[in-house]
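Below is one structure; the comments refer to it alone.
Lettering of chains follows the sequences in order, A, B, ..., and the numbering in each one begins at 1.
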Protein chains: 2
Amino acid sequence: MKRITIYDVAKEADVSLATVSRVINDSNVVREDTRIRVQQAIEKLGYKPNAIAQGLALSKTTTISIVMSERLISYNAKILNGLMNIASTYHYNIMFHVISKGINEMSDIVESIIKSHVDGVILFNDDFTQDEMEALLVYQIPIVIVGSKIHKTDLPNVANVYVDFEKLAYDLVNSYFDKGITDISLVEDKLNMYMMNRLKQGFEKAYRDKGMEFTNYISFDDSYKNSYIYLSKFFKKNKPSQLIVSFRDSQAVAVMNSLKEAGYSIPEDSELICILNNKYLTMVRPNISAYSLPEYDMGTIAMRLLQKMLMEQNSGKPRFIEQSFSFIPRQTTK
Amino acid sequence: MKRITIYDVAKEADVSLATVSRVINDSNVVREDTRIRVQQAIEKLGYKPNAIAQGLALSKTTTISIVMSERLISYNAKILNGLMNIASTYHYNIMFHVISKGINEMSDIVESIIKSHVDGVILFNDDFTQDEMEALLVYQIPIVIVGSKIHKTDLPNVANVYVDFEKLAYDLVNSYFDKGITDISLVEDKLNMYMMNRLKQGFEKAYRDKGMEFTNYISFDDSYKNSYIYLSKFFKKNKPSQLIVSFRDSQAVAVMNSLKEAGYSIPEDSELICILNNKYLTMVRPNISAYSLPEYDMGTIAMRLLQKMLMEQNSGKPRFIEQSFSFIPRQTTK
DNA sequence: TTGTACGCGTTATCAA
DNA sequence: TTGATAACGCGTACAA
């Protein structure tokens, strides 16, 4: 099937293709009756502008790349929804890239982003190096990094929408210090090293500020099954801390189940907090306390920010938007 | 920054752009020393072909659209991973579209798919009408529908990778009939109407075949909280069936928690099966029995199928690939 | 207000 | 084996 082009419309409406182009792009220098004639021709033929040709002519694709690591898709579904919904209100197309170890590395993705000439990029901060990101900056592609705080803050064309996990951790630990509790454990998460490291920083800083050192890490492989098996043995040997903090749902539940099995009760013997909230935390008994993060909003804000950056082309100034968090006490904390 | 084009490379290597193009596309009619000269120029300048221009010249974008409904992203993460991994081995770019009620309807997405001139489309069967799908077929765009079985089987350029939920349900019910159990309930799922309907068909057929009628539906709004509140009241009034079947994790857990609270024990008083398996089913106590579906594989198969369809252009013949399922007995079934 | 002609960066067809 | 040139479909100065 031959696709209808702007030429076909021009012929049908008996005008030049320039006029058709003007009608499509709402140029106000078209006389009303010819505009109508052209519109009718467009309707009649079912003409749809070819975005590829437009992209070539304008050096602008109205397309945004989103890069996410494979194993975090289900965790980032809400942020993704926020991103996609705003993208669609701006009529951006979305190129979706997943980083997946051994199959699709960040360097491949950078390559395809450059070839595709997308207008901007959303990165979830994980799995990419400073160099890989800067490869994009060479091509002046605006980037918004979403998730946690980035280190380098002086990069032009880079913005950051984040929750300050370091502060969250710091405040959390201090609030327990205030209650006189210093025996706290942190369960390590290998799935999300970047955010995990911020948490660690916060923990260590809080202890350091009190003249102590934090070393109470619990770590193991990242599947639920493995962590459960590990923890079951662990808590049969070791008395649990007064507070145990984990990052994701699976770990929190693994801690809970293995504590119970070892004869400890929550929150009496040991309190439990999971950083990332989700519905599964309320499905287990007792319900697990957590932090509420504005995930959907982070998506919408990130996409709006990118849109702004695309409008005021190369204003270059970096932007940082911190999002707040709030504690949701449930049944695993006193 | 001006992007390097094929002209720049041609000038640098002192050849015509036609020759550069030949080198890029591995044409074998290039003399070895000029090929090397061109390669060096490409390296030196850091030239990357412009995919947009290629798309225009070839009428082929090497891009696939994936369409999914907003609320199913986290449930379909594994299928998505399968799709993305195979896509990246074929070097396809992925345009990602989400249907989200009131924000981005299927008709908008069809529009943008057509404008973008993607080579093929992967649809998750939900949320779109026959008409919307056929709008794509008018443009000869090959489609693979993944998830459950489609009704119309005579459409050219349409393939289907699916699990037969009707058969699954039918077999499930019959296996309980064989044990002499006919008191079975099915929890309705509003999130995934299409698959849910297939399940219903299977239930009703199984009962009909035994000269009975199946009417034992339990239905309510779709959040965990709502279902838990509803079910808690429900099981305080009504004695639960001998077997309760639900589609998703949240409902299964809601049933479990409310049964316990009403003083029933699982599986002694009431057995429980959740159709879609995931890790959360093994985190609660007792572990919930479920069906294992080859989700990741469905993704890889769907993308490979689409690739084949793109190669043998408009062979037109429809293809149907059924995937098997298997029951995973855990602690909620006897 | 409208039309002509060129450019966007490639690929492909012909000649040379 | 190479090079010139016409597509691909659109936007846009510039001219009319």
Side-chain angles (χ1 to χ4, degrees), chain A residues 1-39 41-42 45-63 91 93 112 114-119 139, chain B residues 1-39 41-42 45-63 91 93 112 114-119 139:
Chain A
M1 197 201 81
K2 187 193 168 299
R3 296 250 207 166
I4 306 297
T5 73
I6 201 168
Y7 290 96
D8 302 318
V9 177
K11 200 191 294 171
E12 175 73 27
D14 199 32
V15 293
S16 78
L17 79 170
T19 303
V20 178
S21 177
R22 291 192 187 99
V23 172
I24 296 169
N25 299 295
D26 279 333
S27 163
N28 46 5
V29 294
V30 183
R31 210 199 306 140
E32 192 54 25
D33 59 329
T34 69
R35 141 166 284 120
I36 291 171
R37 204 148 34 99
V38 171
Q39 287 287 15
I42 289 176
L45 301 178
Y47 167 71
K48 314 262 184 216
N50 179 335
I52 302 298
Q54 286 180 321
L56 191 58
L58 292 172
S59 309
K60 180 173 163 311
T61 53
T62 331
T63 299
H91 299 284
N93 289 314
S112 87
I114 291 167
K115 288 185 183 168
S116 306
H117 285 239
V118 302
D119 298 336
Y139 293 87
Chain B
M1 197 202 80
K2 187 191 168 298
R3 297 251 208 168
I4 306 296
T5 73
I6 200 167
Y7 288 97
D8 302 318
V9 176
K11 202 190 295 169
E12 176 74 25
D14 198 32
V15 292
S16 76
L17 78 170
T19 303
V20 179
S21 177
R22 290 192 188 99
V23 172
I24 297 169
N25 299 294
D26 279 334
S27 164
N28 45 4
V29 293
V30 183
R31 211 198 308 139
E32 193 52 24
D33 59 328
T34 71
R35 139 168 285 120
I36 290 171
R37 204 147 35 95
V38 171
Q39 287 287 16
I42 290 176
L45 302 177
Y47 166 72
K48 315 263 184 213
N50 179 335
I52 303 297
Q54 286 179 321
L56 190 58
L58 293 172
S59 311
K60 179 170 164 311
T61 54
T62 331
T63 299
H91 299 284
N93 289 313
S112 87
I114 292 168
K115 287 185 182 168
S116 305
H117 286 239
V118 302
D119 298 337
Y139 292 86

For [X] and [N], what is the distance between atoms [atom1] and [atom2] respectively, to the nearest whole Å?
X: A:N25; N: D:dC10; atom1: CG; atom2: C1'; answer: 9 Å
X: B:D8; N: C:dG9; atom1: CG; atom2: P; answer: 9 Å
X: A:K11; N: C:dT2; atom1: NZ; atom2: C1'; answer: 19 Å
X: A:I52; N: D:dA7; atom1: CD1; atom2: C1'; answer: 17 Å
X: B:H117; N: C:dT10; atom1: NE2; atom2: P; answer: 20 Å
X: A:Y47; N: D:dC10; atom1: OH; atom2: C1'; answer: 7 Å
X: A:R31; N: C:dG3; atom1: CZ; atom2: P; answer: 9 Å
X: B:I6; N: C:dG7; atom1: CD1; atom2: C1'; answer: 16 Å

Derivation of the side chain to side chain contact (heavy atoms under 4.5 Å, CB included) call for A:R3 and A:N50: CA-CA 9 Å; A:R3 296 250 207 166; A:N50 179 335; over 6 Å; no
[X] side chain: which of [options] is closest?
X: A:Y7; options: D:dT2, C:dT10, D:dG9; value: D:dG9
X: A:P49; options: D:dC10, D:dG3, C:dT1; value: D:dC10
X: A:S16; options: D:dA4, C:dG3, D:dC10; value: C:dG3
X: A:A18; options: C:dT10, D:dT12, C:dT2; value: D:dT12
X: B:L17; options: D:dT2, D:dT5, D:dG9; value: D:dT5
X: A:R22; options: D:dT2, D:dG11, C:dT2; value: C:dT2
X: A:T5; options: C:dT10, D:dG3, D:dC10; value: D:dC10
X: A:A53; options: C:dT10, C:dT2, D:dG9; value: D:dG9

Heavy atoms of other groups near B:D14 CG, more than 12 under 6.0 Å: no
Partners meeting side chain to side chain contact (heavy atoms under 4.5 Å, CB included) with A:T63 (sequence neighbours left out): A:T61, A:N93, A:M95, A:V118
Trace of the side chain to side chain contact (heavy atoms under 4.5 Å, CB included) decision for B:I42 with B:Q39: CA-CA 5 Å; B:I42 290 176; B:Q39 287 287 16; 4.3 Å; yes
Side-chain N or O of B:S21 closer than 4.0 Å to phosphate OP1/OP2 of C:dT11: yes
Side-chain N or O of B:T19 closer than 4.0 Å to phosphate OP1/OP2 of D:dT1: no
Smallest separation among heavy atoms of A:T62 and A:D119, with atom names: N-OD2, 2.6 Å
Steps toward side chain to side chain contact (heavy atoms under 4.5 Å, CB included) verdict (B:I24, B:I6): CA-CA 10 Å; B:I24 297 169; B:I6 200 167; 4.0 Å; yes
Touch class at under 4.0 angstrom, heavy-atom based, for A:V20 against every strand present: nothing
Candidate list B:R31, B:R35, B:R37, test salt bridge (charged side-chain N to carboxylate O under 4.0 Å, His left out), partner B:D33, passing option: B:R31
Side chain to side chain contact (heavy atoms under 4.5 Å, CB included) between B:T5 and B:D8, worked out: CA-CA 5 Å; B:T5 73; B:D8 302 318; 3.5 Å; yes
Stretch residues 54-62 of chain B: residues that reach within less than 4.0 Å of DNA chain D through a heavy atom: B:L56, B:A57
